[in-house]
Amino acid sequence: MKRFPARLSDKRRRFPFVKSVLSTAAAITLSIGYTFISPAHAENDNYKEMYRPQYHFTPAINWMNDPNGLVYYHGEYHLFYQYNPSGNTWGNMSWGHAVSRDLVHWTQLPVAIPQDTQEMIFSGSAVVDTNNTTGFGKPGNPALVAIYTSVDKVTGKQSQALAYSTDGGRTFTKYAGNPVLDIGSSNFRDPKVFWYEPGHEWLMTVALSDQHKVSFYSSPDLKHWKHLSDFGPAGAAGGVWECPDLFQLPDPSNPGKQKWVLIVNLNPGGVAGGSGAQYFIGDFNGTTFTSDDKPYTVPSGENLGNFDSGTFDNWKSSGTAFGDDPATGSLPGQMPVAGWGGSGFVNSFHNYDGSTGTLSSPNFTVDKDYINFLIGGGNHPYVQGSVVNGTIPTGSTFADFEGSTNGDGWKTTGDFIGTGPVAGSLPGQQTVGGYLGNKLVNTFFNGDSSTGTITSPSFTITEPYINLDVGGGNHLWGEANPSCVNLIVDGKVVETATGQNSESLNWTAWDVSAYKGKTAYIQIVDQNSGGWGHILADQIMFSSQPASPWAQDTSVKLIVDGQVVRSSTGQDSESLDWTHWNVHDLLGKTAHIEISDQNTSGWGHILADQFTLADEPALSTIERAHWVDFGKDNYAAVTYNNVPGDKRIMIGWMNNWQYGGSIPTSPWRSAMTVPRELKLQVVNEKLQLIQKPVDQLNELREGPTVHLENMKVPEGTTPLSVRSKAAEIHATFEASSAKTYGLKLRTGNGQETVVGYDSTTEEVYIDRTRSGDVNFSSDFPGIQRAPLAIKHGKLNLKILVDWSSIEVFVEDGKVVLTDQIFPDPSSDGMAVFATEGTAHLQSFTVNQLRSAWND
């Protein structure tokens, strides 16, 4: 759990998502001939910074992450949150504070629980001690008690501590007896506490983060805790578990009964990459939580290779990576391997990660829709066009870095002054590979902490290509803190290359034909001191031909007619998991499978097992997990205690640890999702968590409603003459002939955020690859998908659009996707689209939403 607070101002801030003044614009005519009236915003001077959300909570300034201490008390919804009082990046973790009477209009208050010289204040929860079990309150004035993770600044040890307030949460006093729960761990955090009436006691749900477990504790007074049980590992466990939450919801399959829901956030390992939130539905008996999930049964199929006979089943090997026989466990020097089936499996960790080779199956005919198999090992995907044992095009060498210095005329700045090329790896670094000769540029001096530049002398571009060998961290030029190699012409960066978070260098080719005759220079830039904050470079050459990347994959590939038509790689894990290829389009084709290890750097090996042709897909752990949200930007999702009417309201941090510190917002960084009410519903004969935005958001609707019915959507994109940066949209599409169809939102200036449905894969998706500013992180642009089989031939969407976010509630909240977007302010258009056919928009309704203002 990484915590980030943001600096709050000393004076109170009114952050009401208030009713801004909207004037009526001229009549808007849709391209199909319908006419509507749409309001136009009249903007105030406050809270109008570029990308500032208009109806999502953000602090006035500084960094914010996890919601903490969500509790209703004395008529107010309290929103505490991880906050940095001193800056716009993570650090100085404290509890920020805001309150609301309706979950829509927020008043920002001073920091509630500040860090001090001994501890940082990580995530936790808050309760109303109605029975005064702690003795902190008085009759008629129960204390508001915060239970938080205290992090020792010297040792990093995490323990649970208390702070209490008797003035409505405006000031807190730390309990003198802290910590109240300490197991001597540095991965023990995020307590969620609630009153468990059947036992007349407090219950705590807390994460054993690195063990992928949730622990349950009970207490009579919040001060003395007894361990009850642990749950996990279960579900998705690709990253640390954080911010658990246990609560009850009515069971629609058994009226009058309740089911228990356990939310577990994890990072990384989310369904869309990076951070994510999963949930389990089950039962809790006061001591133990039991999930309703049953053991997974893999679809049966035709065996293509299970490696249980003690041989490779007539598969042919080359090189030395796979050994002579299947592995039956971990190989010498390897971490424990888990998840293979039967007795044997493919493991290329021979000679550690230093060996390479291939293992190829006999030819077979594709006669079923899916190929299922287990895969693990390194995350080095196959790159289309990469070649094994490739050659370098001839040309002139500009720099080979074989000397004691970088070369004549090269200049260094920062931590690289006085440094030169190195012979491979530096102290503390994984094995570096893929370079030529004996030396290369390697900025891993003092670990990743060193920064600076290494700049070549100027030269005249005479050849159409510059080929160079690059590796190290993936921090693009144009994003915060890059680590890259740049070509500079006329003072501008015209070409750039970066690593792939790998210590293996690989070839990049710059087409510089447009700059022939120009004077240029090359600059190696390392401005990153975080993870993978270094760059590797070697062998800069001027050539008439582009260099092809060398194969460095650890992958499983399907080959048809000599071409790679499918490929998969591991996830830097020694645990094998199921994956599948849909090969319906290849039915009747002759194919073979190739398991390839062409990588000799960190995680340079592949694990594989149990290949079958099957009629149904084998689902990975991530695919089988129950996800709160299929977007990339909903993490640390937790719920309110003590809500009137026993409603269960959830809020999440609308960001992702892959790029959270780099999003282009200022003077604040990060927002919360809209509050969502939770329920259970029977879907396909199973209970499922359902989410809907709280009804109070309807207060923000303003101006006339734009409504359209029965619009035939031709192939291509059809603009709609309704514009908005902050709106609520309801759309119903009927199933049609189009392969994909849906809406394009925040359009303009070449930008668009696509909310669509793919009828071939049966997935609803958000495509934000062209949503605006996407260059601050290579992990940001992309397409987030969620499985959805349309029922009754209709797709129902409720979409909340804000200045820097989009939240999609599909089929009344059965599926939810939340993504940040950073479009230009003038990109406020909307359109419908269809590809490879036509679509039918049965109903389309837009309500403008008022902005939030200071009082």
Side-chain angles (χ1 to χ4, degrees), residues 231-237 245-264 271 276-285 288-301 368-370 372 577-580 582 584 614-631 637 639 646-648 650 676-692 732-735 757-765 785-798 808-817:
F231 172 78
D245 190 1
L246 180 68
F247 52 87
Q248 285 182 298
L249 287 174
D251 181 357
S253 60
N254 290 287
K257 302 293 185 180
Q258 302 274 318
K259 292 292 286 188
W260 288 86
V261 179
L262 175 64
I263 289 179
V264 180
V271 64
Q278 64 180 323
Y279 68 92
F280 304 87
I281 298 174
D283 297 301
F284 182 73
N285 62 7
T288 303
F289 175 81
T290 304
S291 172
D292 288 347
D293 293 335
K294 306 300 181 186
Y296 180 59
T297 301
V298 181
S300 60
K368 297 183 185 300
D369 285 344
Y370 295 93
N372 297 327
D577 198 1
W578 287 105
T579 192
H580 65 267
N582 185 327
H584 179 80
D615 293 322
E616 299 293 334
L619 303 180
S620 68
T621 301
I622 285 181
E623 291 172 308
R624 302 194 307 267
H626 313 292
W627 295 101
V628 171
D629 200 302
F630 286 85
T639 66
D646 292 327
K647 290 184 177 181
R648 185 58 56 175
M650 178 181 70
R676 304 169 181 185
E677 184 176 353
L678 305 182
K679 293 183 179 180
L680 292 178
Q681 185 173 322
V682 178
V683 180
N684 297 327
E685 301 181 350
K686 294 182 179 179
L687 287 176
Q688 184 173 319
L689 192 66
I690 305 298
Q691 307 170 56
K692 72 165 189 173
T732 300
F733 288 87
E734 289 186 352
Y757 185 76
D758 189 322
S759 58
T760 302
T761 62
E762 294 189 311
E763 293 173 316
V764 62
Y765 63 91
R785 299 177 178 272
L788 180 73
I790 290 181
K791 301 295 184 183
H792 311 300
K794 293 183 180 180
L795 174 68
N796 295 300
L797 303 172
K798 177 174 182 175
V808 182
F809 299 82
V810 189
E811 301 298 320
D812 300 318
K814 295 183 182 68
V815 173
V816 181
L817 300 96

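Excluded from the calculations below are hydrogen atoms, water molecules and symmetry mates; all remaining heavy atoms, backbone and side chain alike, are included.
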What's the separation between atom [atom1] in [X] and atom [atom2] in [Y], rounded to the nearest 0.5 Å?
X    : Y    : atom1 : atom2 : answer
L680 : I690 : CG    : CD1   : 8.0 Å
L678 : K692 : CG    : NZ    : 11.5 Å
I790 : Y757 : CD1   : OH    : 4.0 Å
T732 : N796 : OG1   : CG    : 4.0 Å
L249 : Q681 : CG    : CD    : 12.5 Å

| Worked verdict on R676 versus D629 for side chain to side chain contact (heavy atoms under 4.5 Å, CB included) | CA-CA 12 Å; R676 304 169 181 185; D629 200 302; 3.2 Å; yes
Exam field: side chain [X] to backbone [Y], donor-acceptor pair closer than 3.5 Å:
X    : Y    : answer
Q278 : A236 : yes
D577 : S620 : no
H580 : A618 : yes
W260 : T290 : no
Y296 : L619 : yes
N684 : K686 : no
D293 : G282 : no
Q688 : K814 : yes

Practice task
Could you walk me through whether V810 and L795 pass side chain to side chain contact (heavy atoms under 4.5 Å, CB included), step by step?
Solution key: CA-CA 8 Å; V810 189; L795 174 68; 3.9 Å; yes
Smallest heavy-atom separation, R785 atom then Y765 atom, equals CG-CB, 3.9 Å
V264 and F280 have their tightest heavy-atom pair at CG2-CE1, 4.0 Å
Note to self: Looking at D245 and R648, is there a salt bridge between them, counting it only when a charged N and a carboxylate O are closer than 4.0 Å?
What the structure shows: no
Hits for side-chain hydrogen bond (donor to acceptor under 3.5 Å, both in side chains) against D283, two or more places apart or cross-chain, chain-then-number order -> K259
**Report entry** Steps toward side chain to side chain contact (heavy atoms under 4.5 Å, CB included) verdict (M650, I263)
**Finding:** CA-CA 11 Å; M650 178 181 70; I263 289 179; 3.9 Å; yes
